[in-house]
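In what follows, a structure is listed as structure tokens, so that the remarks can point back to it.
Excluded from the calculations below are hydrogen atoms, water molecules and symmetry mates; all remaining heavy atoms, backbone and side chain alike, are included.
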Amino acid sequence: MFAFFKRQWFFYAYTALITPSYLLPWLGSNSMFANIFSSVARWGFGVHVTSLCLAALLSFIRGVQLRTPQLALLSLSALVCDLVPLLNWIPLLPTFFHGLAILLGTDTKINISSSRLRW
């Protein structure tokens with residue numbers, strides 16, 4: 001097994017990938033109005049989207065390893081809530097999805113497979 005897919009490395013890599021999504025909005029990276037007028041904001045938006053997509057890819061790889069590929073849906077939900085207008089006004093919603101992805105990606109005892117869900 002690759003060392004990269006251990007839970008500690010997933011935690012560090014995922015945290016490093018989502019850090020720009022918390023720092024770059026101060027520069028206006030998720031604002032369409034700022035992207036029209038500022039080249040720095042356009043560059044920041046590209047970094048913002050790329051880092052969130054890489055975090056989703058990382059969580060998908062970790063989910064496949066844990067046999068729960070649904071883990072990527074949490075990262076994709078955070079990406080949508082972070083970039084879609086009006087959804088990005090709901091405070092802490094992307095943080096909730098990122099925290100859940102980190103929790104489920106690092107804890108090997110939690111299983112979110114569809115066969116285990118009970119209604």
Side-chain angles (χ1 to χ4, degrees):
M1 182 183 300
F2 297 107
F4 181 71
F5 295 123
K6 291 185 178 179
R7 63 186 190 169
Q8 299 95 330
W9 289 105
F10 172 76
F11 173 78
Y12 294 131
Y14 193 86
T15 304
L17 285 173
I18 65 170
T19 299
S21 71
Y22 292 99
L23 299 178
L24 290 173
W26 292 344
L27 298 174
S29 69
N30 59 351
S31 169
M32 186 181 301
F33 183 73
N35 288 334
I36 294 170
F37 297 108
S38 171
S39 63
V40 173
R42 273 184 267 153
W43 173 82
F45 182 74
V47 171
H48 194 151
V49 172
T50 303
S51 66
L52 288 175
C53 288
L54 288 174
L57 178 66
L58 180 67
S59 65
F60 176 74
I61 292 170
R62 179 68 178 164
V64 168
Q65 181 197 14
L66 295 176
R67 295 186 182 105
T68 57
Q70 305 92 331
L71 187 62
L73 292 176
L74 294 171
S75 295
L76 290 174
S77 298
L79 184 140
V80 167
C81 291
D82 204 11
L83 297 177
V84 172
L86 297 179
L87 278 180
N88 62 0
W89 287 7
I90 302 172
L92 299 177
L93 190 59
T95 304
F96 172 74
F97 286 124
H98 285 308
L100 224 69
I102 290 172
L103 176 71
L104 295 174
T106 56
D107 193 3
T108 57
K109 295 179 183 175
I110 298 174
N111 190 354
I112 58 170
S113 64
S114 59
S115 64
R116 305 269 311 205
L117 294 177
R118 304 281 184 212
W119 293 101

Fill in: 4.5 Å side-chain heavy-atom contact, Ser21 and His48
yes
### Task
I would like to know whether Ser75 and Phe97 meet side chain to side chain contact (heavy atoms under 4.5 Å, CB included); could you show each step before the answer?
CA-CA 7 Å; Ser75 295; Phe97 286 124; over 6 Å; no
So do the side chains of Cys53 and Leu79 get within less than 4.5 Å of each other, counting heavy atoms only?
yes
Do Val80 and Ile90 belong together in a cluster built from hydrophobic side chains that touch within less than 4.5 Å?
yes
Mind checking whether Cys81 and Phe96 have side chains closer than 4.5 Å, heavy atoms only? no
In the single-linkage hydrophobic clustering (I, L, V, M, F, W, Y; side-chain heavy atoms under 4.5 Å), do Val64 and Leu54 co-cluster? no
Tightest non-hydrogen contact, residues Tyr14 and Ala101, listed as OH-CB, 3.7 Å
query: After noting the C-alpha distance and the side-chain angles of His98 and Leu52, does the key distance pass the side chain to side chain contact (heavy atoms under 4.5 Å, CB included) rule?
result: CA-CA 10 Å; His98 285 308; Leu52 288 175; 3.8 Å; yes
When rounded to the nearest 0.5 Å, the distance separating OG of Ser59 from CG of Leu76 is 6.5 Å
So do Leu71 and Phe60 actually touch side chain to side chain, heavy atoms under 4.5 Å? no
Answer yes if Leu104 and Leu73 sit in the same cluster of Ile, Leu, Val, Met, Phe, Trp and Tyr residues linked by side chain heavy atoms under 4.5 Å apart, and no otherwise. no
On a heavy-atom basis, the closest approach of Pro20 and Val47 is CB-CG1, 4.3 Å
- Shared hydrophobic cluster, Val84 / Leu93 (ILVMFWY, side-chain heavy atoms < 4.5 Å): yes
The single option from Leu66, Thr106, Ile61 that satisfies side-chain contact (heavy atoms from CB on, under 4.5 Å) with Phe10 is Thr106
Consider only side-chain heavy atoms of I, L, V, M, F, W and Y, link residues closer than 4.5 Å, and tell whether Tyr12 and Leu58 are in one cluster. yes
